[in-house]
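Working notes, beginning with the structure itself.
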2 protein chains.
Amino acid sequence: MNRRRRPTIRDVAEKAGVSIATVSKYVNGQQSFSQAVEDKLRDAIDALGYSQNALARAMVTGRTTAIGLAVMDLANPHYSNVVKGANRVALANGYNLFVVDMEESIAAVRPLLEALAPRTDGLIVSARIPNDVTDWLAELDKPVAFLGQPERDDVLTVGTDSVQVAALLAQYLVRQGFKRFGYVGYSRASSNADRLRGLRRVLEPAGVELLVFDVDEPTNEAGERAVARVLLRPDRPDVIIGWNDLVAIGMMNEARSLGFKVPDDVAFAGIDNIPISRYVTPPLTTVDVCSQATGEVVMKKIIAMIEDKPQPTGLTLEPALIIRESTQRQFT
Amino acid sequence: MNRRRRPTIRDVAEKAGVSIATVSKYVNGQQSFSQAVEDKLRDAIDALGYSQNALARAMVTGRTTAIGLAVMDLANPHYSNVVKGANRVALANGYNLFVVDMEESIAAVRPLLEALAPRTDGLIVSARIPNDVTDWLAELDKPVAFLGQPERDDVLTVGTDSVQVAALLAQYLVRQGFKRFGYVGYSRASSNADRLRGLRRVLEPAGVELLVFDVDEPTNEAGERAVARVLLRPDRPDVIIGWNDLVAIGMMNEARSLGFKVPDDVAFAGIDNIPISRYVTPPLTTVDVCSQATGEVVMKKIIAMIEDKPQPTGLTLEPALIIRESTQRQFT
DNA sequence: GTGAAAGCGCTAACAT
DNA sequence: ATGTTAGCGCTTTCAC
């Protein structure tokens, strides 16, 4: 390991025979210079391989040109797509996006955000975090935005409306003719309650039963483990909605290997519209929650906050029903 | 937006009636204090909601307790899993992991790394980057590790052996009885050449043909678009290997919707063993490249470098063949 | 157009 | 056990 010290602005100044102030202005392109100085500067910087120390710059300017994004679980394609969208917009606006993974562990989130906050100009946090952390964030001198369902009106939140998402799916399934609904939710997520409200809002008036189950993590594996409980009930549902596509795919797969025909014996639907949902068998009916657009919108909004510009308007996120074969049953 | 200034160490010192040095030592737990001072400090910190400014701390100590990981594409589950593994080890050792997404764009990688480098104690970079950037990294005063195939011996690289991975798969498929191989690679990745070498090393002695194709991005969609070209050839392969599982899944899906029976008309295999490969139909044969372990190992090694400890040994990554139904054809 | 000097928030000697 | 002080690498007045 070659621990050569990184060249500093002082090294450049000395080599070029100018003051450090001049180097600083040159590097930041803040004014014009005599040809002689410009040449010396360029040469010295090349020779030394100098580049600005972002830390030092941030210390004095108070601006990092970086934005932090803390997600619950990067292995969840929904979040990868949020990151994608956010990253694209950040880069296009001259910001770097630093992503940290919270590993679905709400507990350890505070130190993580404390480490991230001073290194960024703004923070995007996915999902519900304890109230004391939200308070701490609110007292920060930085813009903060949340991903998901608004729960407090003193913070900016971006996401599709969970009630609407669930209702959209339920409406379609009721119209299809399904009579007994199962919902395998994830009660540790705050929007689980909203999803349930959306489902009930549609199912109760329609006189349709709803059985509610829960997984302890929103993954394929959890779905696989959960589905037997649902399927073995005497009043087995004829359609099962998963907390998200991962859970639904896990359930559907396990149901098939248990010998059930999908969708004829039992139908499945998910939520998120992750890319892979199109490639499973049968292709999964789901609700598109605009993962990538969510990332784009939240990034545009937080950049507007950072730069004290008016909030961009007209950036609404409309969930869309994606109908595929996993719910295409013929009721004859 | 409430742009209250973050309280500094000086605010705490004043409020508690002690010197800033005392606050610093208290916050870092570097010695014991009189009960009186300890109480005042605790109260002042609570009241102010003070937390250390990591930037300022890093400036003087030269340590950030953060590690940067630049990946080609976070939407690729292989990379998400590398991140997972790396993150877990980082957290367990008191480091934060900051992930940046390079968006598969080699060109823009230099400014990205220049921004990331001073904010971290070490850098992990996935995949081939231009030689001048590698040179720049090598001259950095920080440990750097690469993910993938070693190409230069002056840098640390972690990953499974691409030649071996490809050979492993080819051996199995030859033994299965397949006679005409198709390989849909991704020539923009540097390890594509190694994969080809691995395939040829096995296929040539066996007297088996190999047709080579290419995708322009390593995604499901690219696989979907690519497969027709392969299938429509008069000398259609009886098994097609994808650059990775995503490509293979895309190809397999499109082949099925084109009316081909998998694996009876044509078999498919991928590489990576991403979680979803188990859930497609038919389940995909693939090679496990130890994504998560790769993240763990590279993180352990880079932390050892940062802390000037001896390199941990015995951390080898053995690719493993994962046989599933997509290649289970009966040759009668 | 160029430079001197103050200071961002913090740590690490060194003194007391 | 506690305080004083000199910077870390940089930007930013304010002189010249």
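A note on names: the letters A, B, ... follow the listed sequences, proteins ahead of strands, and every chain is numbered from 1.
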Does Phe146(A) have any ring-ring contact (aromatic ring centres under 6.0 Å, His included) partners at least two apart in sequence or in another chain, and if so, which?
none
Distance check needed: [N] [atom2] versus [X] [atom1], whole Å only.
| X | N | atom1 | atom2 | result |
| --- | --- | --- | --- | --- |
| Leu41(A) | dG1(C) | CG | P | 14 Å |
| Asn53(B) | dC8(D) | CG | P | 18 Å |
| Arg63(B) | dT11(C) | CZ | P | 13 Å |
| Met59(B) | dC8(D) | CE | P | 8 Å |
| Tyr50(B) | dG9(C) | OH | P | 10 Å |
| Arg57(A) | dC10(D) | CZ | P | 11 Å |
| Gln31(A) | dC14(D) | CD | C1' | 13 Å |
| Ile45(B) | dC10(C) | CD1 | C1' | 14 Å |

According to a strict under-4.0 Å criterion, is Gln30(A) in side-chain N/O contact with OP1 or OP2 of dT12(D)?
yes
Side-chain N or O of Gln35(B) versus OP1/OP2 of dA1(D): is the shortest distance under 4.0 Å?
no
Which nucleotide sits closest to the side chain of [X]: [options]?
| X | options | answer |
| --- | --- | --- |
| Ser34(A) | dG1(C), dT2(D), dG9(D) | dG1(C) |
| Arg10(B) | dG1(C), dG9(C), dT2(D) | dG9(C) |
| Ile9(B) | dT2(C), dT2(D), dC10(C) | dC10(C) |
| Asn28(A) | dT2(D), dC10(C), dT11(D) | dT11(D) |
| Thr61(A) | dT12(D), dC10(C), dG9(D) | dT12(D) |
| Val60(B) | dT11(C), dT2(C), dG9(D) | dT11(C) |

In chain order, what residues pass the side-chain hydrogen bond (donor to acceptor under 3.5 Å, both in side chains) check against Thr65(B), with sequence neighbours excluded?
none
Mutual orientation of the aromatic rings belonging to Phe98(A) and Phe98(B) [parallel < 30°, tilted 30-60°, perpendicular > 60°]:
parallel
Say whether, by atom type as modelled, one donor and one acceptor occur between the side chain of Arg119(A) and the main chain of Gly68(A) under 3.5 angstrom.
no
Check whether Ser24(B) reaches the backbone of Ile20(B) with its side chain - one donor and one acceptor, N or O, closer than 3.5 Å.
no
What do the steps show when you test Glu114(A) against Arg110(A) for salt bridge (Lys or Arg N to Asp or Glu O under 4.0 Å), and what is the final call?
CA-CA 6 Å; Glu114(A) 285 187 352; Arg110(A) 169 102 190 227; 2.8 Å; yes
Which parts of residues 16-26 of chain B get close to DNA chain D, meaning a heavy atom less than 4.0 angstrom away?
Val18(B), Ser19(B), Ala21(B), Thr22(B), Lys25(B)
Side chains of Ser19(B) and Thr22(B), donor plus acceptor under 3.5 Å
yes
